[in-house]
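Note that these values count all heavy atoms, side chains included, but never hydrogens, waters or copies made by symmetry.
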Amino acid sequence: MATKKIEVVIPPREPHFVGDGFRVHNFIPSAYRLDMQRMSPFIMLDYNSKFYFPPTDTPRGVGVHPHRGFETVTIAYKGKVAHHDSSGGGGVIGEGDVQWMTAASGVLHKEYHEENFSKQGGDFQMVQLWINLPAKDKMSKPKYQAIQNKSINRFHLENKNGEIEVISGEYKGIKGAASTFTPVNMLNAKMNKGAKTDFNFPANYNTALLVIEGSILVNEAGQAPTDHFVLFENQGENFTVEALENAVVLILSAEPIHEPIAAQGPFVMNTKAEIIQAINDFNLGKFGFLED
Ligand code: MN
């Protein structure tokens with residue numbers, strides 16, 4: 001089996017704030033050549049690298065905003081996020097948990113640091129991904145998958161050297177917790193120093209990893225430190241990851257959706273006309289109502 005080679009190792013860009021609660025480095029679609037097609041169906045990746053927020057009585061975050069045409073996936077590595085939406089749903093994403101929200105035809109929501117976390121302050125570290133939906137599913141019914149860490153299946157590395165959490169897709173026969181519309185592999189590799197394992201995805205899948213903690217060696221050649229993003233070429237199937245120190249690595253590999261993308265702010269559709277429709281629907285209150 002051929003090796004999937006590294007195309008580039010991308011350092012984090014200067015951070016910016018989303019609302020006042022998310023201090024993020026954007027990788028997709030603004031770093032290197034990571035436009036919305038290059039890593040399709042991963043069309044957005046904001047990474048809040050580990051950052052200390054001091055205590056406050058007013059939770060920080062981002063106020064009411066819509067989404068249409070895709071899914072948002074929030075992975076909480078440190079800290080807690082509370083969310084509320086226009087269908088009356090809400091919940092807390094705790095450390096290690098994943099929220100997989102299918103915005104699809106339209107959701108109005110807000111995302112804030114959880115109240116007690118805000119009061120105590122602390123380290124906050126989070127990934128938010130947007131995953132595109134194929135045209136046929138863009139206007140399907142919104143839904144949530146609130147995935148608690150304990151419900152995520154794991155592959156255990158030998159010699160108790162770590163584990164691979166399978167958020168979605170599959171790893172060495174272990175099935176992911178989340179259901180997806182198109183094939184999406186999303187894994188959290190938690191590896192002790194010296195641990196080594198291999199990954200195997202089809203050559204055409206768009207594949208990358210983000211080093212959340214520690215540093216790693218990829219294919220016995222390419223070093224990637226904390227907060228760096230490793231993009232793979234679209235050829236070969238197999239790559240190895242070795243932890244040079246205790247490491248946490250988010251691994252992404254998915255079948256590209258070969259459809260046109262029209263994107264504006266929180267709306268990602270296939271055509272400009274559908275974007276105008278989304279803006280009109282939002283202005284007409286068709287996304288529902290949610291208090292700020
Ligand atoms: Mn949102």
Side-chain angles (χ1 to χ4, degrees), residues 16-24 26 42-51 53 55-133 140-152 165 167-168 177-181 184 186 188 212 250 265-268 278 282 285-292:
H16 69 274
F17 267 86
V18 177
D20 64 356
F22 302 92
R23 178 187 175 272
V24 304
N26 180 264
F42 306 104
I43 49 175
M44 205 286 301
L45 193 164
D46 268 347
Y47 172 46
N48 191 131
S49 60
K50 195 185 292 172
F51 184 76
F53 283 95
T56 176
D57 287 331
T58 310
R60 300 177 179 91
V62 51
V64 176
H65 60 277
H67 293 292
R68 174 181 280 182
F70 56 96
E71 304 183 283
T72 70
V73 178
T74 305
I75 308 169
Y77 291 98
K78 301 254 179 236
K80 289 181 179 176
V81 173
H83 72 98
H84 296 91
D85 74 80
S86 48
S87 73
V92 172
I93 312 163
E95 287 193 7
D97 298 345
V98 177
Q99 187 209 52
W100 198 298
M101 181 183 87
T102 305
S105 65
V107 157
L108 215 50
H109 77 158
K110 52 186 180 181
E111 299 156 277
Y112 282 94
H113 295 186
E114 187 265 341
E115 206 172 328
N116 281 321
F117 173 81
S118 298
K119 281 186 177 143
Q120 287 165 21
D123 282 341
F124 190 83
Q125 190 175 24
M126 199 133 321
V127 165
Q128 187 167 91
L129 280 155
W130 290 5
I131 299 182
N132 207 3
L133 290 171
S140 61
K141 199 167 168 279
K143 66 172 182 179
Y144 287 96
Q145 300 176 73
I147 303 164
Q148 291 194 304
N149 189 267
K150 62 174 191 255
S151 69
I152 298 175
E165 296 177 350
I167 299 169
S168 74
S179 74
T180 63
F181 286 79
V184 176
M186 190 180 296
N188 253 330
I212 304 288
L250 174 65
F267 309 121
V268 182
F282 172 63
K286 290 189 181 173
F287 284 62
F289 177 78
L290 182 63
E291 212 167 312
D292 239 321

Novice: What closest approach, in Å, do I152 and G96 show between heavy atoms, and which atom pair accounts for it?
Specialist: CD1-O, 4.0 Å
Novice: Are the side chain of N48 and the backbone N or O of V24 linked by a donor-acceptor pair below 3.5 Å?
Specialist: no
Novice: Taking the side chain as every heavy atom from C-beta outward, state whether Q125 and D123 have any pair of such atoms under 4.5 Å apart.
Specialist: no
Novice: Check whether S105 reaches the backbone of S140 with its side chain - one donor and one acceptor, N or O, closer than 3.5 Å.
Specialist: yes
Novice: Less than 4.5 Å apart, side chain to side chain, heavy atoms only: is that true for N149 and E95?
Specialist: no
Novice: So do P66 and L108 actually touch side chain to side chain, heavy atoms under 4.5 Å?
Specialist: yes
Novice: Given the rule in the side chain to side chain contact (heavy atoms under 4.5 Å, CB included) test, do W100 and I131 qualify, once you have shown the distances and angles that lead to the verdict?
Specialist: CA-CA 10 Å; W100 198 298; I131 299 182; 3.6 Å; yes
Novice: Show your working on side chain to side chain contact (heavy atoms under 4.5 Å, CB included) between M186 and I75 and close with a plain yes or no.
Specialist: CA-CA 11 Å; M186 190 180 296; I75 308 169; 4.0 Å; yes
Novice: Using the benzene-type ring in the case of Trp, are the ring centres of F124 and F117 under 6.0 Å apart?
Specialist: yes
Novice: For the residue pair H84 and L290, what are the closest heavy atoms and their distance?
Specialist: O-CD2, 3.5 Å
Novice: Does K110 reach the main-chain N or O of E291 with its side chain, forming a donor-acceptor pair under 3.5 Å?
Specialist: yes
Novice: How close do R23 and S49 get, heavy atom to heavy atom, and via which atoms?
Specialist: NH1-OG, 3.9 Å
Novice: Taking salt bridge (Lys or Arg N to Asp or Glu O under 4.0 Å) as the test, write out the residues that go with K286, two or more places apart.
Specialist: D281
Novice: Mark yes when over 12 heavy atoms from residues, nucleotides or ligands other than K80 sit less than 6.0 Å from its NZ; otherwise mark no.
Specialist: no
Novice: If we only count heavy atoms from C-beta on, is the M126 to D46 side-chain gap below 4.5 Å?
Specialist: no
Novice: Judged by atom type as modelled, is there a donor-acceptor pair below 3.5 Å linking the side chain of S151 to the main-chain atoms of A177?
Specialist: no
Novice: Nearest 0.5 Å, please: how far is OG1 in T58 from NE2 in H113?
Specialist: 12.5 Å
Novice: How close do F287 and A278 get, heavy atom to heavy atom, and via which atoms?
Specialist: CE1-O, 3.7 Å
Novice: Listed by chain and number, what are the ring pair (Phe, Tyr, Trp, His ring centres under 6.0 Å) partners of W130, not counting sequence neighbours?
Specialist: H67, F70
Novice: Quick check for you: to the nearest 0.5 Å, what is the distance between F51 atom CZ and F17 atom CZ?
Specialist: 4.5 Å
Novice: Mind checking the CD-CE spacing from Q128 to M101? Nearest 0.5 Å is all I need.
Specialist: 7.5 Å
Novice: Minimum heavy-atom separation for P142 to A103, with atom names?
Specialist: CG-O, 3.5 Å
Novice: Rounded to the nearest 0.5 Å, how far does CZ of F53 lie from CD of Q120?
Specialist: 15.5 Å
Novice: Find the distance between CD (Q145) and OG1 (T180) and round it off to the nearest 0.5 Å.
Specialist: 8.5 Å
Novice: Would you find a donor on one side and an acceptor on the other, under 3.5 Å apart, between the side chain of E115 and the backbone of A82?
Specialist: no
Novice: In Å and rounded to the nearest 0.5 Å, what is the NZ to CG distance from K119 to D57?
Specialist: 6.5 Å
Novice: Anything under 30° is parallel, anything over 60° is perpendicular, the rest tilted; go ahead and classify H65 against H109.
Specialist: perpendicular
Novice: Please check if the side chain of E114 supplies one atom and the backbone of G94 the other of a donor-acceptor pair under 3.5 Å.
Specialist: no
Novice: Mind running side chain to side chain contact (heavy atoms under 4.5 Å, CB included) on I212 and V127 for me, showing each step along the way?
Specialist: CA-CA 9 Å; I212 304 288; V127 165; 4.0 Å; yes
Novice: Determine yes or no for a side-chain-to-main-chain donor-acceptor pair under 3.5 angstrom, with S168 supplying the side chain and V184 the backbone.
Specialist: yes
Novice: Begin from the C-alpha positions of L250 and Y47 and carry the test side chain to side chain contact (heavy atoms under 4.5 Å, CB included) through to its verdict.
Specialist: CA-CA 11 Å; L250 174 65; Y47 172 46; over 6 Å; no
Novice: Describe, in one word, how the ring planes of Y144 and H83 are oriented to each other, choosing from parallel (under 30°), tilted (30 to 60°) and perpendicular (over 60°).
Specialist: tilted
Novice: Heavy atoms only: give me the nearest T102-V107 pair and the separation to one decimal.
Specialist: O-CG2, 4.4 Å
Novice: How about I147 and Q99: do any of their side-chain heavy atoms sit closer than 4.5 Å?
Specialist: no
